[in-house]
Every structure is written in structure tokens, then in C-alpha cells.
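Handing you this structure, nothing more for now.
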Amino acid sequence: MRESAPEPLLLIDGALRPAADGGTFPIVNPATGTVIGSAPDATDADADEAIAAARRAFDETGWASEPTFRAHCLRQLKAALDSGFEVLRHITITEAGAPRMWTDGPQLRTPIDGLDYLDGLLRSYAWELDLGTAKPMGLPTRRNLRREAAGVVAAITPWNFPNQINLAKLGPALAAGCTVVLKPAPDTPWTGAELGRLIATQTEIPPGVVNVLTAGGAAIGRRITADPRVDMISFTGSTATGREVMTAAAPTLKKVFLELGGKSAAIVLDDYDVTAAASLTAFTACIHAGQGCALTSRLIVPRARLDEAVEACAQTMRGIAVGDPADPATVCGPVISAAQRARIESYLASALADGGKFGCGGGRPAGLKAGLPAELAGGYWIEPTVITGLDNSARAAREEIFGPVLVVLAHDGDDDAVGIANDSPYGLSGAVFSAGLPRARDVARRIRTGTVGINGGLWYAPDVPFGGYKQSGVGREMGVAGFEEYLEIKAMAEPA
Ligand code: NAD
């Protein structure tokens, strides 16, 4: 299957090509630690050409003013992704370590299907709004509001859900009439390059409208965020990098859209089955080895039920085999890199140093399960881990770990639970469990996050805006709100 995945190339002004100086960087399979290919390492000259092409396509072609043609191109892109699904699935499993199971959902299938939502939106969206007449300063005036594309977008994405995030930026940006320079993460260049290849070979999206720059470091990201020809930055990644992006965008006052980190809390109220809620939360904490910004990584339970909750989490996690992401039964694959594993291990050590203990896990799996391919011994594995014995001030309870690690905390009633959940610099997502729906909704309303699931409810869908309060971000991705991030509003007035 590896042979059938085309070589990654840059896409610049409609041309698929290597980096200007021929440079490449390795792509590593996190399940084996082996190099599976290489991607072009874009140079400053490549970035310069890509931005110039995006600028030209925006300023000098009809792209921004042809919504019907754009909808046609998005349908072509959807068809190309459907027909290239198995190749993209293989790339996603091997370069992101994404378990195959999740490629039928948020790792691939759902974001591709989300393009249909944009097609529907383009058919019905009101680009102009008649505000009627008024008499500002006594002058009868007819007013009209118009929505226009924001311009050239620099889209910078992380490695954890590469297709979801590449498409959640590219889709609405193109639907809105923007042109794009997409820079995928150094760990997952192949999924971005394959998207570029499909666009170049199987759609009529004009040259320059989409450019893809793979790069092994952060320099190209820095360059495109600072370039005055870029109108808007759409960034997903860590909060620390988000701050750098905002700073780099300040001199040219670009529109900045940020989707950042999280430390989301699941609250179990005292009228709910704590075992059921803890088991579900422990399971979701292991999805894609916990490398999801919106996965709940703190479980807050009634103090009297703490031991019961920890035991339920441990039992669930012991039943989740960390394993080969290509196996359709695997829930929890490897973490992305040796560096990420070391980072997670430093959090596990800090939890012990702060007086915590492990309900289960706490390190690397002792050995490979019988029957697994020997090459997996080189992968970056971490055992699903439950941490207990900490309060919310501990580092492991406050900072984003981004591994299959769940911290269980105790609360003393609804107000205390809300206080603990909100005592975080982040505000991305959350969950509430209560036998009384009005009580659950009341708590959900008080949690300061962009999304909240009630009693296991799933908010993830193409029409639901996703994003964070506080240091989890600025703006919303997906839904009408996510589409409108890529638009400007123009008010026009004429004598009535
Ligand atoms: P990261 O911040 O290290 O990198 C993200 C992207 O930014 C990469 O493409 C990287 O090359 C680029 N980059 C790095 N430094 C840059 C700079 N100074 N200027 C411009 N670009 C720069 O994040 P990561 O490790 O790839 O991803 C994990 C993080 O992403 C986690 O914190 C996670 O919570 C967050 N995330 C958030 C969401 C969300 O929607 N809120 C979704 C997924 C991941």
C-alpha cells in the first residue's frame, strides 16, 4: 500500500514540484519509529512564490466573485477525496499514527463529508442584506450590507487531526472566495501534500487559489504569518505558538483566527451513575492516544465517589489495548513522536512529584502484545493512565498533556465542580453528567468553554461551530460562524 501513495510535492501556482533547492525532510511512522518517506522542505523563495500566486489569484481572477463556480470546485474536491479515500487513509494511519477506526470519523470521513455542508451553505447564503432606508443626519439613505472574501489566507495546521483541520480551514476559506497558502505540520506533511495533489490533478480550482507548503521547521510558518501580502491567518496549534502567531501578525494587523489548546473537564454530578460516566470519559481520553485538543482530560467527580470513579477509569483503560493503528480494533495508537512521548513522561513524573498516584498505567507498555508485528517495538507508546491524588493546582491537572492521560479530581457539589472546571487558562470544551437534564444544562451554561456535551451528547458536526474561550482561541471553526470567519462585511449607502 505504501507504494501506491504518491510522493509528496509542494503545490505552488498550480504546479506540483519539489522545493526550490531540492531539500526534503523525513516523514516518520510513529507506530514504528521508521522513516516512511520524505517531503519537500519549502524554502523562503517557495513561500514567496506561493504568497504571490495566492495574491494574484485573489486580486486578478474572478474566484472571489463566482460562488457558483466555487461550489462546483468544492464538489469536485469532495469527489476527488472520495475516490482517493483509501490512499489518504493509509497516509493518515502511517504518518499521524491515527487508528484506522477514527479514519471512518473525524480523522478523515467526517471532514470530507463536511464539504457537502459548505455546498449547501453556498446555495442558500445571503451575501447581501438590505437594511432598508433610514435618515442619518436627516439624509434619506438606502443601506445595504455585503459580505466579501477576506483575501489571502495563511492556514497553519497541527499534526493530530491533519485532514480534519486542513479541510476545516480550506473548505470554508474557498467557499468564501479566499485564496490559501496551507502549511501543514512538520510531522504530517503527507496528508497536506496529498490534498494539494488532488486539488491540482482532479479539480478546476484555478492555479494560485490553493498553495501547499510542506516544511520541516517553523520558519516558513513564521514567514507567512508576517508577510504583508497575507490578509488573514487561520491557525490551529498550541497556545504558546498561537501567541507567537498573534504577535507576528500585529505589525500588519492581520485578521487572526486561532484554535488552540485545552484542558477540558468532564463533571459528574452526584445524581449520576459515576461508573458509567467515568468509563466513558476514560475511553474518550484514549482516542488517538489522547491527542485531541477537545478531549476531556480532567474528570471531576463527587468526593464520596472518587475511589469508585478511579477504579472504573482504570478498568476501562486496562481493557484498551494500545496497539497497531492499522488494526481496525485499535482505539489508542502511538503518540506522534519521541519528543511528545518524553513530554508526556515529564508530566507523569510531575504528577508523582506533586503527590499523585496512578490508578493504572503511568509509563510505557511493558512489551508488545503477542502477535503484534515486531517492527512496532520502535513506536512511541504510552500506557493509558489515570492520575489521582492531585488537586486542580498541580501541573498535570492544569497543563495540556496531549497523551492518553486522565486526571481524576474530587468536587464538593455543583458550584465547586463548576469552579474547578473554570479554574483553567483554557476554555475549549467540556462535559456534564446528571440524571436531571435541567440541572445538567444549568451546569453546562456555567462552564466557560466553546462546546459542552451533556450526558454523552456529541457536538462534533460540520454545522456546529467549534472553538475556545479564554486561551483556547479566538473565533470559531465550522458551521456558519466558521464560514463567516473568512468574510469581511461591507456597508454600502446611497441616497434614497
Ligand atoms: P504547534 O503549535 O507546535 O504547531 C502547529 C503548527 O504551527 C505547525 O504547522 C507548526 O509548524 C507551526 N508553527 C510553529 N511555530 C510557528 C510560528 N512561530 N509561527 C507560525 N507557525 C508556527 O502545535 P502541534 O504540536 O502541531 O499541535 C498540537 C497542539 O495543537 C495542541 O496544543 C492542541 O491542543 C492544539 N490543537 C488545537 C485544536 C483546536 O481546534 N483548538 C485542534 C487540534 C490541535
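In each ligand, atom 1 is the first atom listed, and ligand 1 is the first ligand listed.
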Exercise for the section: Specify whether Trp459 and Phe466 have parallel, tilted or perpendicular ring planes, treating 30° as the upper limit for parallel and 60° as the lower limit for perpendicular. Expected result: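 Taking Phe466 first and then Trp459, their aromatic rings lie parallel (interplane angle under 30°).
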Handout entry: Worked verdict on Cys73 versus Leu174 for side chain to side chain contact (heavy atoms under 4.5 Å, CB included)
Key = CA-CA 9 Å; Cys73 290; Leu174 296 184; over 6 Å; no
Exercise for the section: Mark yes or no for whether Ser472, through its side chain, and Gly427, through its backbone, hold a donor-acceptor pair below 3.5 Å. Expected result: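 The answer is yes, because a donor-acceptor pair under 3.5 Å joins these two groups.
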Practice task
Non-hydrogen atoms closer than 4.0 Å to ligand 1: which protein residues do they belong to? List them by chain and number, please.
Solution key: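 Close residues (ligand 1, cut-off 4.0 Å): Ile156, Thr157, Pro158, Trp159, Asn160, Ile165, Lys183, Pro184, Ala185, Pro186, Ala218, Gly221, Arg222, Phe235, Thr236, Gly237, Ser238, Thr241, Glu244, Val245, Glu259, Leu260, Gly261, Cys293, Glu400, Phe402, Leu428, Phe466.
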Exercise for the section: In sequence, state the C-alpha distance, the side-chain angles, and the governing distance for Glu477 and Lys169, and then conclude on side chain to side chain contact (heavy atoms under 4.5 Å, CB included). Expected result: CA-CA 8 Å; Glu477 199 139 76; Lys169 297 193 184 307; 2.9 Å; yes
Handout entry: Residue pairs passing the side-chain hydrogen bond (donor to acceptor under 3.5 Å, both in side chains) test where at least one lies in residues 255-266, sequence neighbours excluded
Key = none
Completion exercise
ring pair (Phe, Tyr, Trp, His ring centres under 6.0 Å) with His288: of Trp102, Trp159, Phe161, only one passes, and it is Phe161
